[in-house]
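Chain naming here is simple, since letters A, B, ... match the order of the sequence lines and numbering starts at 1 in each.
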Amino acid sequence: MKEMILLVLGFVLVNNYALSAYLGLTPMLGFAKRGEKLLALGLSVTAVTLLSSLILWLLRGLIPAALQVLCAVTVILILVYVLQLLCGKKLGIWFPVIALNSAALGLGLNLLKADSFLTVLLSALGVGLGFLLGLFLLSGVQTKLEEDQAPKAFRGLPLQILAAAIVAMALTAFQFK
Amino acid sequence: MKNNLTRTILALVLLLAVMAGATLGVNAITAPIVEANRKALLGDSVVLFDRADPAAAQLTVTADTVQSVLRDDGKQAYTLHLSTFEGYTKDKPIELTLVVDFEGRIVSLSVDSSGETRELSEDFLPGFTGQDSTLAGVQLVAGVTFSSTAIKNAVNDGFNTLIDNGLFAAAEKSAEQLLRELLPTVYPALVSGSGAIQGEEVEGSGSLKSGYQASTGDGYAWFVNDGSADYLGIWTLAEGAKLYDTEGNSVDNAALLEEVESWSLACRKALLGDAVALFDRNDASVESELEIHGETVQSIYKNDTDQVYTLHLSTNQGYTKDTPIELTLVVDYEGKIVSVSVDRSGETKELDEGFLPSFAGQDSTLAGVELVAGVTFSSTAIKNAVNDGFDALITNGLVAGAQKSEEQLLQELVPIAYPGIVNKAGAIQGEELAGSGSATAGYAAMNGSGCLWFVDSGEKLLAVYTHVGGVTLYNSLGEVVTESADPALIEEIRTLSIEAIGERDTEAPKAVLRLLPEGAEPVALEIPGLTSCVVNAWTVESEEGSLYAFHMRPYGYANEVMDLYLVLDESGAIVGQRTKELILHSEYFSDYTLDEAAYKEGLIGLTADSYTGEQTLITGATMSSDAMESAVHAAFEAFWLLTENRG
Amino acid sequence: MKERKLLFQNPVTLLFLGAAPALAASADVRAALGMSIAVMAVLLCSALVLGLVRRLLPKEALLPAAVIVVAGFASMAQLLLEALLPTAFQMLGIYVAVLAVDLMVFGAAEDAADFGMSKGLLSALEDGFCFAVFVLALSALRELFGTASFAGAPVEFLKPFRMGLLSSAPGGLILFSLLLALFNKFFPAREEAGRNTSAAVAFPVEEKEEEA
C-alpha cells in the first residue's frame with residue numbers, strides 16, 4: 001500500500017512530467033494562463049493518459065518496436081475522438097491540447113516495459129494528477145504575475161516559464177527519497 | 001454525410017498504413033546498422049547471455065534484473081547489464097553496467113540512465129569497486145535509499161547469476177559481517193533506521209575483540225571470539241548479557257556471558273567515573289532515598305574523587321516537543337556548576353557556542369545565564385531544567401542553595417515593575433543605556449514609553465521613568481519606595497532619563513485628532529501609576545463630557561512595536577480606535593482569518609467590564625492578538641488610574 | 001487567405017510550442033544538434049507529404065492526418081538517429097518520438113495542409129532554422145556552465161564556475177525563459193501575420209497580452 005501511494009505521489013511531486021521532464025509543459029503553460037475549467041481539462045488529460053497507457057501496455061506484445069510511436073498516437077487519437085463523442089460536443093481548441101499532449105505519449109512509451117498492470121495504472125494516475133497540480137500551481141502564479149509591471153521583454157511567456165522553473169525547483173524538495 | 005465519414009476513416013487508415021509501411025521500410029535499413037553498432041561496441045567479448053536473444057544463451061539466468069552477460073577474455077572480466085525497476089520511479093528502470101573480473105571482484109559499476117544520479121555516482125557507486133560478492137563494504141546512501149537499495153539488490157542478482165553458473169566461487173561473508181547484520185534484530189536501539197550503528201566504538205578485552213557503546217552507557221555490543229567461534233555479545237542495563245552466534249541463535253556460554261557482563265560494567269564505570277548512583281530513573285537496581293519532584297531529573301550520581309554530582313536531565317520544553325533535550329549537568333560539592341552539556345538536541349550550534357559555557361561557575365541562582373535570542377525556547381527549557389536539577393540537589397540537602405544577589409532580584413523585578421519594557425516572554429525589549437551618577441546601568445524601552453535604571457545610592461534600587469507616569473522607585477523586595485526616597489535622587493533620575501530618551505512629546509498626533517471632535521485641543525495627561533504599554537495620554541473636554549485618548553505601543557510579532565490609539569468617554573467606554581498596522585506585515589503570512597473592519601468595529605463600546613479579551617482575539621495571529629489584548633487592557637487600566645485618582 | 005509569415009516572425013510562440021523537445025535536447029550540445037536535425041527533417045518531410053495529400057482528404061480529416069504523418073516521420077527520425085548518431089540518440093531517449101505530438105511541428109504541417117506545399121515547406125525551413133539556432137544556443141550555455149564541458153569534452157577553465165542547477169530541469173527552464181526574453185526583445189512578435197493553425201489557436205501566446 002505504502003509503495004503504491006509513493007508511486008502516485010512520486011509522479012505528482014517528484015517526477016512531475018511537465019516540470020521535471022518537460023513532457024506536457026506546453027499545454028500546461030498555455031492553459032494555466034487562461035485559468036478556465038482547469039479541473040475539467042486536467043481530468044480529461046488524466047483520463048486519456050490513463051486509458052491510452054493501459055491499452056498500449058496491453059497491446060505491448062503485438063507492436064513491433066519500430067511502430068510503437070505510430071500505434072501510441074493512433075490509440076490516443078481514437079481515444080480523444082471517443083471522448084468527444086461521449087461529451088456530445090466539439091472539443092474545439094481542447095482537441096489538440098488533449099490529443100497532442102506529450103505527457104500521454106511519453107508515459108505510454110515509458111511504460112511499455114513496466115512489469116505490472118498496477119504499476120501502469122498508478123503511474124498514469126500520478127502523471128495525470130501531476131499535470132493537474134502543475135496547472136493549478138501555475139495558474140495561481142499567473143494571476144499574481146498579471147498584476148505586476150514586468151519589463152516588456154519578460155511579459156507573457158518568459159515570466160511564465162520562469163515561474164514554472166521556480167515551481168519545478170520547489171518540487172525538487174521532494175526529490176531523493 | 002455518412003459517406004463522408006467512411007471516406008475520412010478510409011483515408012486515414014490508408015495514410016496510417018502508408019506511414020507504417022514507410023517506417024518499417026526505414027527500420028529494415030537501420031536495424032542492421034544498429035546491430036552493427038552494438039557489435040562494434042562489444043568488441044571481442046563473447047555473449048554468454050542476452051535477454052533479447054534467448055537462443056544464444058549459455059547461462060541459466062533466473063533474475064529478471066540481468067539483461068545480458070558478456071565475457072571479455074582480453075580484460076579478464078565479465079560485463080553485466082542490469083536493469084531494475086525498484087528505484088524511486090517505477091516508469092524508468094535504473095540501468096546498470098557491472099564489470100566483475102574473473103576472480104569475482106568488482107572492477108566498476110556505472111549507471112546508464114537514472115533520475116537521481118548525482119548522489120549515486122559521487123558517493124555510492126565508487127564504493128562498489130573492489131568488492132567481492134559479499135558486498136561487505138557497500139553502505140546505503142541516505143537520501144537515495146530507494147535507488148541505492150535497488151542497485152545493491154541488482155548487483156547481488158548479477159553476482160548470483162555468475163556464481164550459480166559456476167563462473168567463480170562465492171566469497172565467504174566474514175564472521176564480523178554476519179554478526180554486524182544481526183545487530184538491527186538483536187539490539188535495535190543501537191542501530192538507526194538506515195542501518196548505521198549509533199554508538200561509540202570501544203576497545204575490547206580478552207575474548208571481546210571490539211565493540212560499540214550506546215551513548216548513555218546503558219548498553220554495549222561486542223564482537224566476541226573465544227578462539228573457536230565468533231559470537232555477538234550484547235549487554236544492556238535492563239536485560240543483562242546475551243550471546244548470539246553468526247546464525248543469530250542465542251548461545252548459553254556462561255564463561256563468555258560473564259566476560260561480556262564484567263567488561264561492559266567495567267566500560268560503563270570508565271564512562272561514568274567512580275560515581276555512585278544516588279538516583280536513577282532508568283535503573284531499578286538503584287535504591288534511592290532522594291526525594292525527586294517532577295520528571296526532568298533522570299539520574300543523580302555522586303563522585304567523591306572529583307567531588308561532583310553528575311545529573312542527567314531531560315526536558316520536553318524545547319522547540320520540538322517530540323524529541324526531548326537531554327542534558328548532563330555537573331555540579332561540585334560547593335554548589336557551583338562545573339559544566340552543562342547537551343546530549344541530543346536539534347539546535348545545538350547557538351547553544352554550544354555561547355549559552356552552555358555561560359553556565360560554568362554559576363551557583364544555583366544562575367544569575368549570569370542569559371537566554372539566547374533565536375533559540376529562546378530551548379535556552380529557556382535548558383535553564384529551567386538546570387533549575388530543576390539544582391532544586392533536586394538542594395531539597396535533598398546535597399548542596400546549599402545560594403542567595404540571590406540584590407542585582408538579580410532587581411532584574412527579576414523588571415517585568416512586574418515596568419511591563420512596558422518587556423515582551424510577553426519577559427525578555428527586556430530595550431536599548432542599553434550607560435549609567436551615570438547613582439544609576440549604574442539602564443535600558444530605554446523599545447516602544448518609546450520610557451526607560452529603566454539600576455540605581456545604587458547606598459541601597460540598590462530599580463528606577464522606572466515613563467513619559468506619562470514620571471519616576472517610580474522599587475527596592476529589591478519589590479516595594480515602591482518613591483515616597484520615602486530622596487527627592488534629589490528622583491530628580492536625578494528624571495534628568496538622566498530625559499537626557500537619554502528625550503522630552504515627552506505632548507502634542508497629539510493626527511491619528512488622535514481624527515478620533516476627537518473637530519477643533520479639539522487635547523491636553524497631555526500624566527498617569528499616576530504604571531501601565532504596560534501606554535506611551536502617551538491626552539484629555540479633551542467635549543459636549544458629551546471629557547474624552548480620554550491613549551496611545552499604546554505593545555510588542556507584537558517578532559517583538560516589533562505596534563501602534564494602537566483608543567479614545568474613551570467619561571464612562572470608560574471605547575468611542576474611537578485606530579491602529580496603524582493591525583497585523584504586522586511579518587505575521588500576514590501566518591494562517592489567520594480576520595475581517596479587519598468588523599474586528600475594529602467590535603472594539604467600539606467596550607468598557608473595562610464588558611471587555612473579556614476575546615474581542616481582540618485574532619485566530620491564527622497569536623502575537624498580534626496578544627499585543628492587541630495587552631494594549632486594550634492597558635488603556636482601561638490607565639483610564640482607571642486616572643479616574644480613581646480624581647476621586 | 002493570409003500572408004505568409006516572415007523569418008523570425010514570432011519565435012517566442014514557436015519555441016513555446018516546441019518547449020518539450022527544445023528543453024529536453026538542451027542539456028548537451030550533441031543532443032541539441034541531433035534534435036535540431038531531427039526536427040528539421042520531420043518538419044520538411046511532414047510538410048511535403050501533407051502538401052501532397054491535402055487535396056485528397058476531407059477537411060475534417062486534416063488534423064488527424066497531420067498527427068499520423070508527423071508520428072510516422074518522428075518514428076523514422078528516431079530509427080535513423082539511432083543508426084547514425086547513437087550518442088545523441090542515447091541522450092534524447094524518447095524525446096525524438098515525442099516530436100510526434102509536438103505542437104511546433106504541427107504548425108508547419110498544418111501550414112502545408114492549409115496553404116499548399118510551397119508555403120508549408122517555407123514555414124518548415126524557417127521553423128526548423130529558428131529552433132536549431134535557439135536550441136544550440138541554449139544547449140551550449142547549459143553544457144558550458146552546467147557541466148563545464150562542450151559536446152562532451154571537458155572545458156577545464158570553466159570548472160570553477162560550474163552551476164549544477166543549469167543541468168537540472170528547473171535550470172533549463174530558467175535559461176529557456178531568459179533566452180526567450182532576449183528573443184522577445186530583438187524579434188518582437190508581429191501581430192498582423194499571426195498563424196491560424198490549431199496549435200496557435202489553442203495557445204495564443206502574447207498577442208492578447210498587448211491588448212490588455
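- To the nearest 0.5 angstrom, A:M169 atom CE is 3.5 Å from C:I174 atom CD1.
- Among C:A100, C:G171, C:P64, C:G172, the residue with the largest count of heavy-atom pairs under 4.5 Å with chain A is C:P64.
- Closest approach of C:S75 and A:A66 over heavy atoms only: CB-O, 3.9 Å.
- No side-chain heavy atom of C:V70 sits less than 4.5 Å from a side-chain heavy atom of A:V73.
- Put simply, of A:I166, A:L159, A:L77, the one with the most heavy-atom pairs under 4.5 Å next to chain C is A:L77.
- Atom CG of C:L173 sits about 12.0 Å away from atom CD of A:Q160, to the nearest 0.5 Å.
- One finds the CD1 atom of A:I161 at 11.5 Å from the CG atom of C:L175 (value rounded to the nearest 0.5 Å).
- Distance check, rounded to the nearest 0.5 Å: CZ of C:F176 to CG of A:L25 gives 7.5 Å.
- Contact detail for C:A19 and A:T26: the closest heavy-atom pair is CB-OG1, 3.8 Å.
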Trace of the side-chain contact (heavy atoms from CB on, under 4.5 Å) decision for A:F154 with C:L178: CA-CA 8 Å; A:F154 272 96; C:L178 295 181; 3.8 Å; yes
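- Pairing each heavy atom of C:A71 with each of A:V69, the nearest pair is O-CG1, 4.2 Å.
- Taking each heavy atom of A:P158 and C:S177 in turn, the nearest pair found is O-OG, 3.0 Å.
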